[in-house]
Visitor: 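Once you've had a glance at the structure underneath, I'll fire off some questions.
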Amino acid sequence: MLEKQFNPEMLYNRVVHFYIDKKGFSKDKANEIAQTVVQKEAIRRICKNEKCKHFSHDHIRNAETCLVDNCECNEFTK
């Protein structure tokens with residue numbers, strides 16, 4: 001089973017609208033929060049293996065094998 005590809009624009013828009021519409025934050029503050037959230041999510045989804053550094057959606061979830069050609073990564077490292 002493959003993980004969905006990370007879409008930073010969609011996440012960014014959802015976070016901005018949540019903080020403006022639901023929490024009543026200013027546009028600037030909502031944008032600042034959204035940037036932080038997207039950066040943290042991107043870092044969380046990158047393999048920490050020094051030989052790999054590919055996104056988690058480039059790995060097979062069950063076997064944890066990297067799908068990128070010529071990559072020596074045998075396991076997604078968190």
Visitor: List, one per line, each side-chain donor-acceptor pair under 3.5 Å for residues 18-31, sequence neighbours excluded.
Guide:
unit_1	atom_1	unit_2	atom_2	d
S26	OG	K29	N	3.2
N31	OD1	Y12	OH	2.9
N31	ND2	K27	O	3.1

Visitor: Could you list the donor-acceptor pairs under 3.5 angstrom formed between side-chain atoms of residues 35-42 and any protein atom two or more places apart in sequence or on another chain?
Guide:
unit_1	atom_1	unit_2	atom_2	d
T36	OG1	E32	O	3.1
E41	OE1	R44	NH2	3.0
E41	OE1	R45	NE	3.1
E41	OE1	R45	NH2	3.3
E41	OE2	R44	NE	3.2

Visitor: Can you list everything that forms a side chain to side chain contact (heavy atoms under 4.5 Å, CB included) with N7? Sequence neighbours excluded, please.
Guide: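 With sequence neighbours excluded, N7 shows a side chain to side chain contact (heavy atoms under 4.5 Å, CB included) to E9, M10, given in chain and number order.
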Visitor: In chain order, what residues pass the salt bridge (charged side-chain N to carboxylate O under 4.0 Å, His left out) check against K51, with sequence neighbours excluded?
Guide: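 Salt bridge (charged side-chain N to carboxylate O under 4.0 Å, His left out) check on K51 returns E72.
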Visitor: Could you tell me the separation between the SG atom of C71 and the CG atom of N49, rounded to the nearest 0.5 Å?
Guide: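 C71 SG to N49 CG: 7.0 Å, rounded to 0.5 Å.
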Visitor: Dump the intermediate steps for side chain to side chain contact (heavy atoms under 4.5 Å, CB included) on C66 and C47, then the final yes or no.
Guide: CA-CA 9 Å; C66 189; C47 184; over 6 Å; no
